[in-house]
Amino acid sequence: MARKHELNPNMVNRWVRTYKVVGEKNFLDGKTPLKNRTTAIYSEQEYKEIVKENEKLKKLLGEKDLEIEFLRDLLKKQTHT
């Protein structure tokens with residue numbers, strides 16, 4: 001499922017765990033457990049830390065993608081000379 005929709009497998013696993021804990025009602029009408037404080041899985045502080053870490057990982061992944069692209073271009077140039 002994650003690969004098919006180009007999602008992070010960890011995110012899909014978290015959604016499944018959340019669904020098992022709080023049930024379907026929290027996923028209806030755009031509500032998520034994080035918006036519904038009575039059944040929240042993460043505290044607000046934990047959520048902020050997760051968001052911060054997620055942003056750092058996205059940045060790192062972007063940098064690595066650029067590095068890979070650069071190395072591929074370099075390899076192509078070397079094989080053509």
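Considering only residues two or more places apart in sequence or on other chains, E46 meets the side chain to side chain contact (heavy atoms under 4.5 Å, CB included) condition with Y42, S43. Remark: K64 engages E67 in a salt bridge (charged side-chain N to carboxylate O under 4.0 Å, His left out) (not counting sequence neighbours). When the side chain to side chain contact (heavy atoms under 4.5 Å, CB included) test is applied to L61, the partners found at least two apart in sequence or on another chain are D65. With sequence neighbours excluded, no residue forms a side-chain hydrogen bond (donor to acceptor under 3.5 Å, both in side chains) with E63. By the side chain to side chain contact (heavy atoms under 4.5 Å, CB included) test, N8 is found to be paired with N10, M11, residues two or more places apart in sequence or in another chain being considered. In this view, E53 and L57 satisfy the side chain to side chain contact (heavy atoms under 4.5 Å, CB included) rule, not counting sequence neighbours.
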Take E49 and N54 through the side-chain contact (heavy atoms from CB on, under 4.5 Å) test and state the conclusion after the steps. CA-CA 8 Å; E49 289 174 13; N54 193 27; over 6 Å; no
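Between atom CD of residue Q78 and atom CG of residue L74 there is a gap of 4.5 Å, rounded to the nearest 0.5 Å. Atoms NZ and CD, on K52 and E55 in that order, are 11.5 Å from each other to the nearest 0.5 Å.
Between E44 and K48, at least one side-chain N (NZ, or NE/NH1/NH2) sits under 4.0 Å from a carboxylate O, which counts as a salt bridge.
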